[in-house]
Amino acid sequence: MGEHDENVVTPTQRARGALPPEQPGSHPILSPSQLEVLQGYGIEQRFAPGDVLFADGDETYDLIVVLEGDLDIVENHGQPTEVALVTFGPLEFLGELGLLTGQRAYLSAVARTPGRALRIPVNQVNVIMAQEIDLSELILRAFLLRHSRLTHRGSGLTLIGSRFDVDTRRLLEVLARNRLASRWLDPDSSPDADGLLRQFDLRSQDLPVVIVAGGSLLRNPSSRELLDALGLVVMSQSDRSEICDLLVVGGGPAGLAAAVYGASEGLTTTLAEDTALGGQAGTSSRIENYLGFPAGLSGDELTARAALQAKKFGVRIKLASRAVALASNAEAHQVSFEDGDAITARSVIIATGARYNRLPLDRLTDLEGVGVYYAASQMEAQACTGKAVAVVGGGNSAGQAALFLARTCNEVHILIRGEALASSMSHYLIDQIERHPLIRVSPRSEVCGLIGDAALEGIEVRNSASEETSRLSAAGLFVFIGATPSTGWLEGQLAGDDHGFLLTGREVPTDALDDPTHVPLLLETSRPRIFCVGDVRSGSVKRVATAIGEGSMAVRLVFDRMQASTLAVVNPTGPTR
């Protein structure tokens, strides 16, 4: 077969047709100099047709660079539904974001022809990402783009559960917030679900279930059980029992920054996050006003880069467990979690953020996660492709969501209670929205009802000026209004404002101090050595750059407070950057 035969579809063409069109950078060809660098980190291996270089379910796998021949990335290898997704040839490398995050493999690498490959172990890949700047950028960019395409396809694990089941919606949120490639089958509407239910001998009362790589079955797993099965709960038991210098509760931009700066300056640092790293910013499609990124960057990319930095500096990460209680003594603080773990730390930085308020609508709970959303990431957008959607809210998050959704939806309505966007949204976003032909802004508008039974079909909208009510077709309702601080677990132990946001520094009333002699530092709460950063702090500026700045600043203040006390400081000179 000649590679230029016009009437023949090659395996490579057939495989690449299984995925959405490739984006520039997702399939790079290594230069000779780049290959020479990589050869210093790995070992060569010959392969024959049919050889498996890594398989779905493997706990770890190597970065594979093809030197000669062709390798297929295969879904459901060895099963009747096996399909080759993409073929890699000479000077191309195999891998996806999960290789860097520690997620178990959910695809297989199978040789299509004889050849040679360079295998680079994960520990050496981490060295490359930390020390080889050009290669690090090339690899990370390719991995992010590949992950996006695999998510769009629905590769990875399979969730089977009814849209009306609260646990199904919980698992959908875990998958979406953690940016895990997956497909969801509703037994009420998906023919594929019936076949899998028969294959695994499951009944409707057994649902929801998650089928992970290798065919393992999880029956209604907790968030932690699910992430643990995927290899993403990385904190060891010894790490949990050891007293650390710094515990950061919350993994949004502020928490990630605090963890990275703390660990980079020598503090033994633990980062605990209940849902997913990145917080609300991690779901943003495009952040365009972040310094140093003139073309903008996605929340997914920001989170991935920050998580890699945290891993590089040795941050201990605890995922999928919500903080439920705080206790303190003169020397340390202890935070208890819903999974039964308790972490003790000399200092604590609270970065738990805030959640968007829910609309006071009948049947809202029935449609949350299956028509009503509080984030606009790729996974939510997929459910609304080619349909009309509505975005409620006038802040930057709402504007970013509307622009992202307009890429795949045929109509986007922004509903705001005020007269115009100018009072609450950045000018650069307003300009783009006004120029976009698919986005319409409706001022003085409020959602007063939901339409649809099995799925959202539309909304009822009331105009506050005319008092008229109209119906608007919408397959998705994206809500970005107000915010409620995630401080319930503190049970009022720390001073807060009238809305529950934590007070810090000079804003803390004297009569609210645990210790009357305690003079809080700038980001310090009413209790010594407990700091607060990001959206959960009273008076914070709701911007990613500000949150990151506060996270790094809080680490400087941690050092100041520890130096002023009798507690040991790991790095007595304090931060140097």
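These numbers were taken from a predicted model, which means no experiment stands behind them. Worth knowing before you read on, the calculation uses all heavy atoms, side chains too, and leaves out hydrogens, waters and symmetry mates.
- Residues G399 and I433 approach most closely at CA-CD1, 3.9 Å, considering heavy atoms.
- Looking at residues two or more places apart in sequence or on another chain, you find no ring pair (Phe, Tyr, Trp, His ring centres under 6.0 Å) involving Y106.
- Judged by distance alone, with hydrogens and angles left aside, the side-chain atoms of E132 form no donor-acceptor pair with the main-chain N or O of L135 at under 3.5 Å.
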Show your reasoning for whether side-chain contact (heavy atoms from CB on, under 4.5 Å) applies to H413 and V389.
CA-CA 6 Å; H413 297 268; V389 298; over 6 Å; no
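- Using modelled atom types, no side-chain atom of D535 and backbone atom of A354 make a donor-acceptor pair closer than 3.5 Å.
- When atom types are taken as modelled, the side chain of Y261 and the backbone of A259 share no donor-acceptor pair closer than 3.5 angstrom.
- Checking side-chain atoms of E265 against main-chain N and O of G262 turns up no donor-acceptor pair under 3.5 Å.
- Taking a cutoff of 4.0 Å between a charged side-chain nitrogen and a carboxylate oxygen, D274 and R224 do not qualify as a salt bridge.
- Defined by atom type and a distance below 3.5 Å, a donor-acceptor pair is present between the side-chain atoms of S540 and K542.
- Taking all atoms of both residues into account, the shortest heavy-atom contact from R177 to A375 is NH2-CB, 3.4 Å.
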Trace of the side-chain contact (heavy atoms from CB on, under 4.5 Å) decision for L85 with S155:
CA-CA 10 Å; L85 300 181; S155 298; 3.9 Å; yes
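- Shown here are the ring pair (Phe, Tyr, Trp, His ring centres under 6.0 Å) partners of F480, two or more places apart in sequence or in another chain: Y356.
- Using a 30° and 60° split on the angle between ring planes, Y290 and F293 fall in the parallel class, below 30°.
- Looking at residues two or more places apart in sequence or on another chain, you find no ring pair (Phe, Tyr, Trp, His ring centres under 6.0 Å) involving F93.
- For residues 415-434, every residue pair satisfying the salt bridge (Lys or Arg N to Asp or Glu O under 4.0 Å) rule, not counting sequence neighbours, is listed here: R417-E446, E419-R444.
- Side chains of E380 and S377: a donor-acceptor N/O pair is present below 3.5 angstrom, by distance only.
- The ring pair (Phe, Tyr, Trp, His ring centres under 6.0 Å) test applied to Y374 returns no partner, not counting sequence neighbours.
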Would you check, one step at a time, whether the test side-chain contact (heavy atoms from CB on, under 4.5 Å) holds for E550 with L523?
CA-CA 8 Å; E550 287 188 3; L523 297 173; 4.3 Å; yes
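- Remark: the N463 side chain and the S445 side chain contain no N/O donor-acceptor pair separated by less than 3.5 Å.
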Could you list the donor-acceptor pairs under 3.5 angstrom formed between side-chain atoms of residues 305-313 and any protein atom two or more places apart in sequence or on another chain?
{"residue": "R305", "atom": "NE", "partner": "E301", "partner atom": "OE2", "Å": "3.0"}
{"residue": "R305", "atom": "NH1", "partner": "E137", "partner atom": "OE2", "Å": "2.7"}
{"residue": "R305", "atom": "NH2", "partner": "E137", "partner atom": "OE1", "Å": "3.0"}
{"residue": "R305", "atom": "NH2", "partner": "E301", "partner atom": "OE2", "Å": "2.9"}
{"residue": "K311", "atom": "NZ", "partner": "L100", "partner atom": "O", "Å": "2.8"}

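- For T269 (side chain) and L267 (main-chain N/O), a donor-acceptor pair under 3.5 Å exists by modelled atom type.
- Using modelled atom types, one finds a donor on one side chain and an acceptor on the other under 3.5 Å when comparing E288 with Q432.
- Nearest heavy-atom pair, C244 versus T270, reported as atom, atom and distance to 0.1 Å: SG-OG1, 3.7 Å.
- Side chain of S321 to backbone of F337: no donor-acceptor contact under 3.5 angstrom is found.
- Between R358 and E368 a salt bridge is recorded (basic side-chain N to carboxylate O distance below 4.0 Å).
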